[in-house]
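The chain is numbered in sequence order, starting from 1. Side chains included, hydrogens not; waters and symmetry mates left out as well; all remaining heavy atoms used.
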Amino acid sequence: MPTIPNLSISPDKVAFVVNKVHQYEMESSEPELLSDLTDDDTVHGSSGGRGANTDRAELASFIQGLNVDEQIDLVALMWLGRGDGGLENWDELRAQAAQAHNNRTAAYLIETPMLGDYLEEALSEFGLSLEDFEESI
């Protein structure tokens with residue numbers, strides 16, 4: 001059984017990203033569901049409501065606000081969840097993510113299909129699940 005590596009990014013932040021990604025993906029693929037999720041005070045059909053573009057911008061801003069080590073870990077976690085490696089070669093995954101790091105990390109991650117699923121899978125590799133963080137999100 002491989003040793004669980006230490007992360008620079010807190011699992012709470014990863015869980016936040018996963019939830020935002022799932023929300024963004026849902027709203028992008030099924031915008032009609034937005035009307036079911038709006039507040040009673042929102043006028044349906046108005047352009048002032050939240051939507052996929054707002055969620056994408058919020059997600060991008062959150063990722064850009066992470067420090068470099070957290071961004072590197074987030075990319076390495078996505079790769080881990082995608083199956084590009086395992087916990088036994090975490091240091092290699094992280095080194096590759098560090099080498100590839102640039103100012104487009106948020107766009108790279110957000111544009112990756114199934115990002116939320118990959119991050120969720122990576123959390124499970126660390127023995128964690130989204131349910132562990134529901135109250136903090």
Pair His22-Asp117, side chain to side chain contact (heavy atoms under 4.5 Å, CB included): steps then yes or no: CA-CA 8 Å; His22 286 318; Asp117 295 337; 3.2 Å; yes
Please report the closest heavy-atom contact between [X] and [Y], naming both atoms and the distance.
X: Ala106; Y: Ala60; value: CB-O, 3.8 Å
X: Ala76; Y: Ala97; value: N-CB, 4.0 Å
X: Leu80; Y: Ala122; value: CD2-CB, 4.0 Å
X: Leu59; Y: Lys20; value: CD1-CB, 3.7 Å

CG of Asn102: more than 12 outside heavy atoms within 6.0 angstrom?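 Atom CG in Asn102 is packed in, count exceeds 12.
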Between the main-chain N or O of [Y] and the side-chain N or O of [X], is there a donor-acceptor pair closer than 3.5 Å?
X: Ser10; Y: Lys13; answer: yes
X: Ser61; Y: Glu58; answer: no
X: Asn89; Y: Gly86; answer: yes
X: Glu70; Y: Asn67; answer: yes

Please identify which of these residues, Leu130, Leu115, Val14, Val21, meets the side chain to side chain contact (heavy atoms under 4.5 Å, CB included) condition with Glu120.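 Single side chain to side chain contact (heavy atoms under 4.5 Å, CB included) partner of Glu120 among Leu130, Leu115, Val14, Val21: Leu130.
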Side chain to side chain contact (heavy atoms under 4.5 Å, CB included) with Thr105: of Leu74, Val75, Ile72, only one passes, and it is Val75
Please evaluate residues Arg56 and Glu111 with respect to the criterion side chain to side chain contact (heavy atoms under 4.5 Å, CB included), reporting the C-alpha separation (whole Å), side-chain torsions for both, the decisive distance (0.1 Å), and the verdict. CA-CA 10 Å; Arg56 181 186 170 102; Glu111 293 169 6; 3.4 Å; yes
Does Pro5 reach the side chain of Arg94, with side-chain heavy atoms less than 4.5 Å apart? no
Taking side chain as C-beta onward, heavy atoms only, is Leu77 less than 4.5 Å from Leu7?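 With C-beta onward as the side chain, the pair touches.
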Is it the case that one hydrophobic cluster holds both Leu93 and Val68, taking links as side-chain heavy atoms less than 4.5 Å apart, direct or via other members? no
Give a yes or no on whether Trp90 and Met78 share a hydrophobic cluster (residues Ile, Leu, Val, Met, Phe, Trp, Tyr; joining criterion: side-chain heavy atoms under 4.5 Å apart). yes
Spacing of Gln64 atom CD and Gln71 atom CD [to the nearest 0.5 Å]: 8.0 Å
